[in-house]
**Student:** 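Have a look at this one.
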Amino acid sequence: MSDRRGKKPEIRHYDSPAGGWGSMRGLKDIMLREKPPAVIARELLRQNKPEGFVCVSCAWAKPAHPHVPEFCENGAKATAWELTRYRTTPDFFNDHTLAELRGWRDHDLEQHGRLTHPLRYDPATDRYVAVAWEEAFAEIGKELKALDPKSVVLYSSGRASLETSFMYQLMARMYGNQNLPDSSNMCHESTSVGLKKAIGAGVGTVLLEDFERCDAIFFFGQNVGSNSPRMLHQLKQAVERGCRIVTFNPLKEPGLLKFTNPQNVPAMLTRSSVKISDQYHQVKAGGDMAAIAGLCKALIAWDDTSGGVLDHAFLEAHTHGFQAFAAAMRALDWEAIEHQSGLTRAAIESAAAVYADSTATIGVYGMGLTQHRFGVDNVRMIVNLLLLKGNIGRPGAGVCPVRGHSNVQGQRTVGITEKPELAPLDTFKARYGFEPPREKGLDTVEACAGVIDGSVRGFVQLGGNFLRAVPDTDRIEPAWSRMRLTVHIATKLNRSHLVPGEVCYLLPCLGRIERDVQASGPQVVTVEDSTGCIHASRGKVDPASEALLSEPAIVAAIAEATLAPNPQVDWQGWAADYGKVRDEIEACFPDKFHRFNERMFEPGGFYKGNKARERIWETPSGKAEFEVPPVLTATGFDDAPGRYRLMTLRSNDQFNTTIYGYSDRFRGIEGTRDVLFMSPEDIAADGLKAGQIVSLVGDSGDNVERRVDGLMIVPYSIPRGCLGGYYPECNPLIPLFHHARESHVPAGKSVPVRIVA
Ligand SMILES: Nc1nc2c(c(=O)[nH]1)N[C@H]1C(S)=C(S)[C@@H](COP(=O)(O)OP(=O)(O)OC[C@H]3O[C@@H](n4cnc5c(=O)[nH]c(N)nc54)[C@H](O)[C@@H]3O)O[C@H]1N2
Ligand SMILES: Nc1nc2c(c(=O)[nH]1)N[C@H]1C(S)=C(S)[C@@H](COP(=O)(O)OP(=O)(O)OC[C@H]3O[C@@H](n4cnc5c(=O)[nH]c(N)nc54)[C@H](O)[C@@H]3O)O[C@H]1N2
Ligand SMILES: [Mo]
């Protein structure tokens with residue numbers, strides 16, 4: 001049972017396009033395994049449609065005029081995973097103690113199926129046992145009331161709807177804290193901090209229509225083929241129009257090389273594909289700041305000699321700090337840029353030439369920029385590059401952070417934040433008649449530190465798999481069970497649920513694809529995509545179990561059991577009619593959500609707006625800010641003999657800690673996740689062999705042993721000194737303190753490690 005992988009590990013060479021037949025096979029495999037009900041075909045056609053449901057996988061934008069099937073291989077996998085026929089019932093827990101289940105793999109825990117009944121942990125037998133909902137809420141309320149609110153953390157993973165998220169943050173603040181970390185803290189928080197400082201808005205500035213007008217796309221550290229495959233349609237169309245894509249990524253990612261649209265029958269039959277990246281630069285992990293500095297230096301030099309390269313009118317009217325930035329770039333020497341980026345001057349200049357020729361450029365990025373010690377500075381650097389030619393706030397141009405979870409951006413919009421300045425606290429106070437806490441709450445890293453030092457006593461988890469997603473997992477797990485209270489609202493069993501506090505509840509909820517009927521009738525929820533557009537989502541499938549409650553209903557019941565009655569907050573009334581929650585969101589965030597209930601069905605979503613797109617810069621200087629990069633390498637540690645930079649990566653067969661299977665097709669890995677990608681030159685230099693099993697140990701010099709064993713060496717096209725391994729298996733190697741300065745995003749893309757043969 002604990003190993004369902006079956007297949008023997010296999011390493012292949014992959015040179016097919018992203019999408020294509022491989023994608024159809026990937027989909028077939030999961031359909032056969034999950035055996036979702038026949039309605040699946042109908043559901044897939046409703047995916048990402050104005051009257052349908054919003055995909056539970058990534059946050060990529062949903063077009064106003066969708067394709068007949070507007071889903072990708074991985075979106076379809078996510079749908080099948082939620083609609084699976086399998087169930088994890090209370091009986092299952094009769095047969096398995098938590099100690100035993102802790103020996104199971106992430107894949108096997110979730111693949112066992114949907115949770116069906118509310119469960120309470122019984123320490124006497126080390127098992128979960130069924131409990132009535134009322135009993136669960138009453139005891140959770142009693143426990144929360146007994147705890148100091150400052151010692152309780154209310155985490156959320158970015159899947160919960162705007163309605164649930166609004167209620168959840170209000171509950172936290174009425175309870176008495178803003179300890180509201182969310183998955184964004186491990187993800188695009190470097191964006192929220194960096195873009196806010198640079199352009200006054202913490203989110204991207206592009207809309208889908210900009211992809212129809214750009215003539216260059218600069219792509220940094222985002223694996224589109226696996227993690228936002230629907231975006232390949234926009235990229236393919238752009239390329240076919242003559243747009244040039246320049247990619248910076250340490251790994252050759254097939255999704256960024258070529259693409260066959262699996263929905264295009266002629267292309268499938270002729271096996272023809274479109275080349276995506278015009279140039280592909282294998283920058284060193286953490287070397288982007290140097291690479292972008294090289295681009296900027298080249299552009300500034302060309303402009304100094306012959307003029308006409310930079311947009312001086314824009315720089316003059318709209319930016320602050322250009323002269324200091326330009327002077328710093330002029331002063332850099334190419335040798336340092338080449339050394340720190342791992343790219344030649346000629347390669348960087350050829351990329352700069354594409355940018356110089358472009359009239360409208362989009363800068364796209366993902367975790368390859370944000371998850372570094374200098375992740376915020378990486379984000380600032382991409383803005384520097386765009387500002388040089390006025391590429392923000394103009395049709396076809398802008399900055400495009402590709403968000404992760406389907407509503408992670410939206411949660412922040414409606415108040416899930418530990419930062420008091422980002423929530424309308426005075427409005428909450430006036431509208432709901434309570435005194436909201438004003439001090440900063442705990443973010444993810446601080447919450448982990450609090451669990452370790454014992455100051456965090458209670459932990460509520462709205463979705464997600466915190467204990468598996470965070471760094472330094474081997475240090476945090478032992479401390480986790482010392483907490484008094486742990487409460488999980490979840491759809492499937494995962495590692496976080498298997499390490500109970502003294503009192504522990506596991507509360508199963510409806511998924512977004514399922515029908516949600518409340519006292520006022522069938523409900524609709526809303527989510528915000530990567531481009532700031534807000535969409536309605538209507539579930540239609542029969543719930544996995546009759547005992548499930550919706551997330552808003554669970555949050556409302558916990559709030560009622562915990563908080564003193566408040567005539568201005570009608571928790572049950574809100575849970576009975578989500579339209580009323582949307583009225584509250586509209587009242588608290590009127591600039592973004594006016595006529596919310598009316599506009600939510602607009603095809604393509606309604607745009608919440610972004611001042612930076614209109615070139616209104618909400619920064620202290622009132623202009624877009626250049627930043628002189630403080631360093632050129634984002635790793636935050638020095639190179640040393642034997643020390644490698646480990647990048648922790650997603651495979652094509654997972655959604656974060658949800659492991660669908662063991663096939664990373666694009667990278668040629670089948671049947672295993674225990675691999676280490678390494679350059680053939682380094683393998684030879686270290687006296688190692690392809691296929692050899694090695695261990696990784698942490699090398700951050702703090703005298704804590706961090707170790708992951710049993711990794712098979714796979715020769716791969718990756719710069720020397722860099723390694724690739726999978727997340728979450730490699731998370732024990734990341735020290736908790738190794739995170740982005742300013743944003744506290746764990747620096748999972750350059751972890752200092754050594755190889756032990
Ligand atoms: N199918 C699927 N879709 C997903 C997810 C999933 O797990 N599965 N997760 C969702 C979530 S929450 C998120 S945040 C996104 C994540 O999507 P991505 O942002 O694509 O994140 P990663 O897969 O971690 O990989 C980032 C890419 O950055 C590259 N990289 C690593 N280090 C560097 C560097 O220093 N510089 C540069 N230039 N590149 C680097 C890696 O080679 C890799 O191609 O995807 C979302 N969508
Ligand atoms: N080393 C390393 N660590 C990383 C990363 C990395 O690249 N490298 N990436 C980071 C990033 S970008 C992110 S976003 C985090 C992800 O961290 P999380 O968001 O905490 O983790 P997920 O794996 O997305 O959560 C999966 C669980 O969510 C629950 N779930 C699924 N659907 C629903 C639903 O509809 N409702 C509820 N209530 N529960 C649901 C299921 O029980 C499932 O087991 O991990 C971070 N950790
Ligand atoms: Mo993420």
Side-chain angles (χ1 to χ4, degrees), residues 56-60 72-75 77-78 81-82 106 109-110 115 155-161 164 182-188 219-229 247-251 253 255-256 281 283-288 291 365-372 378 401-406 408 444 461-471 488-497 507-513 551 554 634-635 645 647-658 660 718 722 724-731 733-734 745-746 748-751:
V56 296
S57 191
C58 82
W60 185 242
C72 67
E73 169 192 355
N74 286 335
K77 277 188 201 168
W81 198 249
E82 179 163 316
D106 298 309
L109 292 171
E110 284 209 33
L115 293 162
Y155 173 70
S156 44
S157 159
R159 191 176 290 194
S161 65
T164 307
D182 79 350
S183 57
S184 176
N185 283 144
M186 302 181 243
C187 182
H188 269 293
F219 223 99
F220 294 88
Q222 204 272 336
N223 185 12
V224 62
S226 290
N227 296 334
S228 50
T247 296
F248 292 82
N249 194 313
L251 296 183
E253 300 284 25
L256 284 158
H281 300 287
V283 64
K284 277 192 209 169
D288 302 86
Y365 67 92
M367 297 300 99
L369 288 199
T370 63
Q371 293 178 335
H372 285 286
N378 273 338
V402 183
R403 294 277 170 162
H405 270 292
S406 50
V408 64
T444 288
Q461 195 179 281
L462 175 62
N465 187 3
F466 188 83
L467 204 42
R468 197 71 173 124
V470 295
H488 306 279
I489 303 166
T491 51
K492 288 197 172 183
L493 190 62
N494 66 43
R495 182 81 191 180
S496 302
H497 311 149
L507 309 177
C509 64
L510 291 173
R512 193 189 295 154
I513 313 174
E551 289 178 328
I554 294 172
T635 59
R645 303 174 183 182
M647 302 182 278
T648 56
L649 305 163
R650 293 161 167 79
S651 81
N652 186 51
D653 215 4
Q654 75 183 86
F655 189 89
N656 298 337
T657 70
T658 294
Y660 300 128
I718 181 173
C722 304
Y726 288 123
Y727 141 65
E729 287 81 350
C730 289
N731 283 34
L733 294 164
I734 312 173
V745 171
K749 294 297 184 272
S750 48
V751 187

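In what follows, every heavy atom counts, from backbone to side chain, and hydrogens, waters and symmetry copies are set aside. Numbering of ligands and ligand atoms starts at 1, following listing order.
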**Student:** Nearest protein heavy-atom contact for atom 7 (O) of ligand 1: which residue, which atom, what distance?
**Tutor:**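 Ranked first by proximity to atom 7 (O) of ligand 1 is N656 N, 2.7 Å.
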**Student:** Before signing off on this row, confirm whether E551 and ligand 2 have an N or O atom pair separated by under 3.5 Å.
**Tutor:**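 N/O-N/O distance below 3.5 Å exists for this pair.
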**Student:** Would you mind running through ligand 1 and noting each atom that sits below 4.0 Å from a heavy atom of N74?
**Tutor:** 1 (N)
**Student:** Does the N or O separation between R159 and ligand 2 drop below 3.5 Å for any pair?
**Tutor:**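 N/O-N/O distance under 3.5 Å: yes.
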**Student:** Which of the numbered atoms in ligand 2 are below 4.0 angstrom from a heavy atom of G463?
**Tutor:** 37 (C), 38 (N), 39 (N)
**Student:** For atom 14 (S) of ligand 2, which protein heavy atom lies nearest, and how many Å away is it?
**Tutor:** S183 CB, 3.6 Å
**Student:** Quick test: of every protein heavy atom, which one is nearest to atom 42 (O) of ligand 2, and how far off is it to 0.1 Å?
**Tutor:** K492 O, 2.7 Å
**Student:** Which of the atoms in ligand 2, numbered in the order shown and given with their element, are less than 4.0 Å from a heavy-atom of K749?
**Tutor:**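 Counting atoms of ligand 2 from 1, those under 4.0 Å from K749 are 7 (O).
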**Student:** Looking at atom 25 (O) of ligand 2, what's its closest protein heavy atom, distance included?
**Tutor:**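 Protein heavy atom at minimum distance: G464 CA, 3.1 Å.
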**Student:** Just to confirm my output: which protein heavy-atom neighbour is closest to atom 17 (O) of ligand 2, and how far is it?
**Tutor:**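 In this structure, atom 17 (O) of ligand 2 has A469 CB, 3.3 Å as its nearest protein heavy atom.
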**Student:** Nearest 0.5 Å, what's the CG-CG distance between L109 and L493?
**Tutor:** 5.0 Å
**Student:** Show which atoms of ligand 2 fall inside a sub-4.0 Å distance from at least one heavy-atom site of I734.
**Tutor:** 1 (N)
**Student:** State if S226 counts as touching ligand 1 under the rule of any non-hydrogen atom under 4.0 Å.
**Tutor:** yes
**Student:** Might you point out which heavy atoms bring R495 and N465 nearest each other, and give the distance in Å?
**Tutor:**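 R495 and N465 have their closest heavy atoms at N-OD1, 3.8 Å.
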**Student:** May I ask whether G748 has any heavy atom positioned less than 4.0 angstrom from an atom of ligand 2?
**Tutor:** no
**Student:** Which of the numbered atoms in ligand 2 are under 4.0 angstrom from any heavy atom belonging to M367?
**Tutor:** 12 (S)
**Student:** Closest non-hydrogen protein atom to atom 32 (N) of ligand 1, residue and atom name please, with distance?
**Tutor:**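 Looking at atom 32 (N) of ligand 1, the protein heavy atom closest to it is M647 SD, 3.2 Å.
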**Student:** Please write down residue, atom name and distance for the protein heavy atom closest to atom 34 (C) of ligand 2.
**Tutor:** T491 CG2, 3.6 Å
**Student:** Closest non-hydrogen protein atom to atom 11 (C) of ligand 1, residue and atom name please, with distance?
**Tutor:**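 Heavy-atom neighbour on the protein nearest atom 11 (C) of ligand 1: G404 CA, 3.2 Å.
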**Student:** Could you tell me which atoms of ligand 2, counted from 1 in the order shown, lie closer than 4.0 angstrom to a heavy atom of I489?
**Tutor:** 37 (C), 38 (N), 39 (N)
**Student:** Decide whether an N or O pair under 3.5 Å exists between R403 and ligand 1.
**Tutor:**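 Looking only at distances, the answer is no, because the N/O contact criterion of under 3.5 Å is not met.
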**Student:** Around atom 15 (C) of ligand 2, find the nearest protein heavy atom and jot down its residue, atom name and distance.
**Tutor:** Y727 OH, 3.5 Å
**Student:** Would you say N731 has any N or O atom under 3.5 Å from an N or O of ligand 2, going by distance alone?
**Tutor:**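 By distance alone, the answer is yes.
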**Student:** Which atoms from ligand 1 have a heavy atom of G366 less than 4.0 Å away?
**Tutor:** 19 (O)
**Student:** Below 4.0 Å, non-hydrogen atoms only: which portion of R512 touches ligand 2? Side chain, backbone, both or neither.
**Tutor:**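 Under 4.0 Å from ligand 2, R512 contributes no heavy atoms.
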**Student:** Thinking salt bridges, do R159 and E82 make one under a 4.0 Å N-O criterion?
**Tutor:**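 Between E82 and R159 there is a salt bridge, with a charged N closer than 4.0 Å to a carboxylate O.
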**Student:** For ligand 2, which atoms, with element, lie under 4.0 Å from some heavy atom of H405?
**Tutor:** 14 (S), 19 (O), 24 (O)
**Student:** How does H372 reach ligand 1, if at all, at less than 4.0 Å between non-hydrogen atoms: by side chain, backbone, both, or neither?
**Tutor:** side chain
**Student:** Considering all heavy atoms of both residues, which atom of N494 and which atom of G464 are nearest to each other, and what is their separation?
**Tutor:** ND2-O, 3.1 Å
**Student:** Under 3.5 Å, side chain of N731 to main-chain N/O of A469, donor-acceptor pair present?
**Tutor:**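 Looks like yes, one N/O pair under 3.5 Å.
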**Student:** Any non-hydrogen atom of R650 lying under 4.0 Å from ligand 2?
**Tutor:**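 It does; at least one heavy atom falls under 4.0 Å.
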**Student:** For atom 8 (N) of ligand 1, what is the nearest protein heavy atom, given as residue, atom name and distance?
**Tutor:**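 Looking only at protein heavy atoms, the one closest to atom 8 (N) of ligand 1 is Q654 O, 2.6 Å.
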**Student:** Using heavy-atom distances, let me know which of L649, L251, N223 sits nearest atom 41 (C) of ligand 1.
**Tutor:** L649
**Student:** In the protein, what heavy atom is nearest to atom 45 (O) of ligand 1, and what distance, to one decimal place, separates them?
**Tutor:** N227 CB, 3.4 Å
**Student:** Among all the protein's non-hydrogen atoms, which is closest to atom 26 (C) of ligand 1, and how far away is it?
**Tutor:**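 Of every protein heavy atom, G221 O, 3.7 Å lies nearest to atom 26 (C) of ligand 1.
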**Student:** Let me confirm one number: the NE2-CZ distance from H488 to F466, rounded to the nearest 0.5 Å.
**Tutor:** 11.0 Å
**Student:** Any N/O of G158 closer than 3.5 Å to an N/O of ligand 2?
**Tutor:** no
**Student:** Report yes if some N/O of S228 lies less than 3.5 Å from some N/O of ligand 1; otherwise report no.
**Tutor:**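 Between S228 and ligand 1 (N or O atoms, distance only) the closest approach is not under 3.5 Å.
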**Student:** Regarding H372 and T635, is there a side-chain donor-to-acceptor distance under 3.5 Å anywhere?
**Tutor:**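 No, no side-chain donor-acceptor contact under 3.5 Å.
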**Student:** Got the closest protein heavy atom to atom 18 (P) of ligand 2, with its distance?
**Tutor:**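 In this structure, atom 18 (P) of ligand 2 has Y155 OH, 3.4 Å as its nearest protein heavy atom.
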**Student:** I need the atoms of ligand 2 closer than 4.0 Å to a non-hydrogen atom of T658, numbered in the order shown.
**Tutor:**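 Contacts of ligand 2 toward T658, numbered from 1: 23 (O), 26 (C).
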**Student:** Of all heavy-atom pairs between G748 and I734, which one has the smallest distance, and what is that distance?
**Tutor:** CA-CD1, 4.0 Å
**Student:** Any ion pair linking D106 and R468 (charged N to carboxylate O, less than 4.0 Å)?
**Tutor:**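 Yes, R468 and D106 are salt-bridged.
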**Student:** For V470 and L467, work out which heavy atoms get closest and say how close.
**Tutor:** CG2-O, 3.9 Å
**Student:** I'd like to know if C730 contacts ligand 2, where contact means a heavy-atom distance under 4.0 Å to any ligand atom.
**Tutor:** no
**Student:** With a 4.0 Å cut-off on heavy atoms, is D288 touching ligand 1?
**Tutor:**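 The answer is yes: ligand 1 sits under 4.0 Å from a heavy atom of D288.
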**Student:** Considering only heavy atoms of C187, which atoms of ligand 2 have at least one such atom less than 4.0 Å away?
**Tutor:** 12 (S)
**Student:** So which protein heavy atom does atom 43 (C) of ligand 1 come closest to, and at what separation?
**Tutor:**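 Nearest protein contact, heavy atoms only, for atom 43 (C) of ligand 1 is E253 OE2, 3.4 Å.
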